[in-house]
Amino acid sequence: MPAPPPSGRAAWLVDKDADGDVNADAISWMWDVTTVQDKKITEDNADGIMSRAYRPGPYTPLESQTSFFVQTYLSELRSLITGTRGVSVSQWSAPKELFASPKAASCNTRL
């Protein structure tokens, strides 16, 4: 069994037939950069949610699965607390639109 990676590092497991000429340092560098960015975004988001000024808004069409989960969870909690079965939440279905807004759907900007 291989030794665990040093603390704070990730272990990259690859297929035994993987190309050995791949620049692992370049891949690791990108992983490290995006992980730092993700951490910053997550921390900033948490700070914003903890703010007294934060007010939750409605879910976007792209968050329909999350919305369905939350509504189902709250319905089940309500049932447990009150001892009565509430109205069941309808079954989740995929969003009809792939974008959060018509403006985003019509954007032709390429990165």
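Listed here is the closest heavy atom pair of D17 and D15: N-OD1, 2.7 Å. When all heavy atoms are compared, the tightest approach of R52 to R55 is O-NH1, 2.8 Å.
A donor-acceptor distance shorter than 3.5 angstrom exists from the side chain of T34 to the backbone of M30, with no hydrogens or angles considered. Between the S67 side chain and the Y59 main chain, no donor and acceptor come within less than 3.5 Å of each other.
The OH atom of Y54 sits 8.0 Å away from atom CG of N45, with the distance rounded to the nearest 0.5 Å. If you take CG on D44 and NZ on K39, they are separated by 10.0 Å, rounding to the nearest 0.5 Å.
T35 meets the side chain to side chain contact (heavy atoms under 4.5 Å, CB included) test with W31; sequence neighbours excluded.
No option in L80, I81, L74 other than L74 meets the side chain to side chain contact (heavy atoms under 4.5 Å, CB included) test with R78.
Contact annotation: the side chain of E63 approaches that of T60 to within less than 4.5 Å [non-hydrogen atoms, C-beta and beyond].
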